[in-house]
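One structure is given here, and the rest of the page talks about it.
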Amino acid sequence: MADFSLTHSLSGFFSPVRFEADILDCVVTGTIPRELNGAFYRLHGDWLYAPKFRDEASLSADGYISMLRFNEGSVDYRGRYVRTDRYNQQSAARRQLYGYYRNPHTDDPQVRDIAHPGRRTSANTAPVIIAGNLYATKEEGLPYRIEPNTLGTLGPTDFSGAWKSQTFTAHPKFDAATGETFAYGYEASGLASRDVYLCSFDRSGKITWEVRFDVPYPSMLHDIALSKDYVVIPGGGTVTSAERLKSGRPHWGWDSNQPSYYALIPRGGAAADIRWFEGPQRSIVHTANAWNDDNVLTLDAPVANGNTWPWFEDVHGAPFAMNDFTIRRLTFDLHGNSAQPLEEVLFEQAVTSFTRIDDRLMARQNRYIFVQYADADRPFESHLPDDPRLRPVNCFGRFDVIERTVQSYFAGSTHILQEPTFVPNSPDAAEGHGYLLGTVHNLKDMRSELVIVNALTMQECARVILPFRNAFQVHGLWASLADLPLV
């Protein structure tokens, strides 16, 4: 029985959706640019059955993938659950079998598997393309391959045995200049382990380089950055241990006494070549971009001074207080004696952590960062639950890191924006010449919409109207006909 009333606190617009759908030729306002010929994929978290614990993180919700297929000015929608082992076990039992986020000790005995925690992944975080294949990913387990047109689940993969980690990131990085994809898994050998497995794929999907190393202490390593010579992995703040998991707590706690750390791994190098930096405690969930010359590596990212995870309790008992992200620049002296990066706040405006760039500039110096944020000066004419994760995020911002200016787009007084995705208007277009795609919650009309915004003028071109609420998106991905075999 799927009774959410006893354990699930979100309600109204944010209630689980729990259905799959197909819509032919969606309702559109405005005019969809003809250059948009491809598919916009989104991964959601949508509970199939109510979580076991009322304080469970939404990070554990079941994976759901949707596609908005653009072709000649029209859009079709499709949404399907990712048929993970977790989904299949629950649907067969017709009840929730899984406990706290990334803690198999709290699972029902029917599915409990301490030695293979990745098998309980919900695959709900980011759609990813590697070598012409589409995957649903989540950092707690292996990726699930998805058929790009039907959204059918083809199953988990370890890349024919070549992948040597129990986990696989939701944020691999593709270098368009070299055709390499860099991916990693942390807690690679099991729960609370310190080892990280990092590799590069070539355009055909073959692993051409790999390295394994240990981090100073187990911490959430959600995202990385790529420069032309280095992979940068930031960590710190979140902590776990075998003892914590055995005691039945969620995987992560927050330790305000632990400093942040940064691993700078030379592309193609060995573990002994890694340069380690340490800084004051920071929360870095996502990165924007990185680049380097012979002397300095520069990393731009949304950074907060403390805990940004409402579900992760302070291990010293301090009450949760949200720390705001601001876009900052960290510079690492590659030849100096300092083991701490320099930090500069580029913009004082508080933002979410969901920064995106024109991905063709990955690993090279870029100009624009796109991210959604809450503008308190804009009107808000709806209601949100009393939840620090659910502020009225009503604007997309184009942050110019060279001129240090911001140009914004406002979605509406009853709308909450999700992550923007940049799509160039042609393969050889200049940086920023293209469109932002992003879904919004229409709280008044209880439906989801997709906005298409000119990324240069930050003016709306069109809006796709769905006749229902869509589950909350985590990350999105644009795929052209050159990226996937779309029909």
Side-chain angles (χ1 to χ4, degrees), residues 41 125-137 139 142-143 145 148 157-165 167-186 188 196-213 221-234 262-275 286-294 297-301 332 334 355-366 421-424 427-428 431 475 477-485:
Y41 295 98
T125 305
V128 166
I129 296 172
I130 298 176
N133 293 311
L134 177 66
Y135 300 95
T137 65
E139 65 198 57
L142 293 177
R145 189 176 168 199
T157 183
D158 62 1
F159 300 93
S160 300
W163 185 256
K164 300 182 180 70
S165 170
T167 59
F168 187 94
T169 178
H171 290 292
K173 301 297 183 185
F174 176 69
D175 187 339
T178 67
E180 296 171 285
T181 298
F182 290 80
Y184 66 104
Y186 72 94
V196 177
Y197 173 72
L198 170 67
C199 78
S200 62
F201 295 85
D202 64 14
R203 290 186 189 273
S204 71
K206 179 183 177 182
I207 293 178
T208 56
W209 165 71
E210 59 186 5
V211 63
R212 188 181 294 271
F213 58 93
L221 308 179
H222 182 69
D223 198 1
I224 62 174
L226 187 67
S227 77
K228 69 181 181 68
D229 295 316
Y230 292 89
V231 178
V232 185
I233 302 184
Y262 307 85
L264 274 59
I265 307 105
R267 290 167 57 161
D273 301 321
I274 297 174
R275 178 74 187 273
H286 298 112
T287 64
N289 198 19
W291 60 93
N292 74 273
D293 56 27
D294 291 338
L297 184 144
T298 303
L299 168 67
D300 286 351
F332 302 83
L334 298 175
T355 47
R356 299 296 293 266
I357 66 166
D358 182 336
D359 286 337
R360 299 171 300 164
L361 276 293
M362 186 75 66
R364 274 71 182 166
Q365 186 167 7
N366 63 298
T421 297
F422 175 79
V423 183
D428 57 353
E431 180 188 359
H475 292 291
L477 169 75
W478 173 259
S480 70
L481 275 61
D483 298 319
L484 291 173

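- Side-chain contact check for Val128 versus Thr181: every heavy-atom pair is 4.5 Å or farther apart.
- For Pro234, the side chain to side chain contact (heavy atoms under 4.5 Å, CB included) test picks out Tyr262, Ile284, Thr287, with sequence neighbours left out.
- Nearest heavy atoms, Leu134 versus Leu484: N-CD2, 4.0 Å.
- Put simply, the side chain of Asp294 does not reach to within 4.5 Å of the side chain of Leu334, judged on heavy atoms.
- Applying the salt bridge (charged side-chain N to carboxylate O under 4.0 Å, His left out) test to Glu210 and every residue at least two apart in sequence or in another chain returns Lys164.
- For the atom pair CG of Leu264 and CG of Leu297, the computed distance is 5.0 Å after rounding to the nearest 0.5 Å.
- Between Ala225 and Leu299, the closest heavy-atom pair is CB-CD1, 3.5 Å.
- Residues meeting the ring-ring contact (aromatic ring centres under 6.0 Å, His included) test with Phe422, sequence neighbours left out: Phe370.
- Residues Trp209 and Leu198 have side chains in contact (heavy-atom distance under 4.5 Å, counting atoms from C-beta outward).
- Between atom NZ of residue Lys206 and atom OG of residue Ser200 there is a gap of 11.0 Å, rounded to the nearest 0.5 Å.
- Judged as a salt bridge (charged side-chain N to carboxylate O under 4.0 Å, His left out), and not counting sequence neighbours, the contacts of Arg360 are Asp358.
- Take Thr298 and apply the side chain to side chain contact (heavy atoms under 4.5 Å, CB included) test, not counting sequence neighbours, and it matches Trp291, Val296, Asp300, Arg329, Thr331.
- Every residue was checked against the ring-ring contact (aromatic ring centres under 6.0 Å, His included) condition with Phe213, not counting sequence neighbours, and none meets it.
- The closest side-chain heavy-atom distance from Glu431 to Arg364 is not below 4.5 Å.
- Rounding to the nearest 0.5 Å gives a distance of 10.5 Å between SG of Cys199 and CZ of Arg212.
- Looking at Thr421 and Arg356, their side chains come closer than 4.5 Å, going by heavy atoms from C-beta outward.
- The backbone N or O of Ala126 lies less than 3.5 Å from a partner atom in the side chain of Thr137, making a donor-acceptor pair.
- Residues satisfying the side chain to side chain contact (heavy atoms under 4.5 Å, CB included) test with Asp229, not counting sequence neighbours, are Asn292.
- Looking only at side-chain heavy atoms (C-beta outward), Thr169 and Ile224 stay at 4.5 Å or farther from each other.
- Remark: Tyr41 engages no residue in a ring-ring contact (aromatic ring centres under 6.0 Å, His included) (not counting sequence neighbours).
- The salt bridge (charged side-chain N to carboxylate O under 4.0 Å, His left out) analysis of residues 263-275, with sequence neighbours excluded, yields the pairs Asp175-Arg267, Glu180-Arg267.
- Under the ring-ring contact (aromatic ring centres under 6.0 Å, His included) criterion, Phe201 pairs with Phe159, not counting sequence neighbours.
- Here Asp428 pairs with Ser426 under the side chain to side chain donor-acceptor pair (under 3.5 Å) rule; sequence neighbours left out.
- Nearest heavy atoms, Arg145 versus Asn133: NH2-OD1, 3.0 Å.
- Side-chain contact between Asp359 and Phe174 is absent, with no heavy atoms from C-beta onward closer than 4.5 Å.
- Side-chain contact between Glu139 and Thr167: absent, with no pair of heavy atoms (C-beta onward) separated by less than 4.5 Å.
- Scanning both residues, Val211 and Ala271, for their nearest heavy atoms gives CG2-N, 3.4 Å.
- Distance check: Thr125 OG1 to His475 NE2 gives 6.5 Å after rounding to the nearest 0.5 Å.
- Judged as a salt bridge (charged side-chain N to carboxylate O under 4.0 Å, His left out), and not counting sequence neighbours, Lys228 has no contacts.
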So Asp158 and Phe168, side chain to side chain contact (heavy atoms under 4.5 Å, CB included) or not? Walk me through it.
-> CA-CA 9 Å; Asp158 62 1; Phe168 187 94; over 6 Å; no
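- Of all heavy-atom pairs between Leu142 and Ser165, the closest is CD2-O, 3.7 Å.
- Contact between Pro172 and Ala170 at its shortest, heavy atoms only, is CD-C, 3.4 Å.
- At least one donor-acceptor pair closer than 3.5 Å links the side chain of Tyr184 to the backbone N or O of Asp223.
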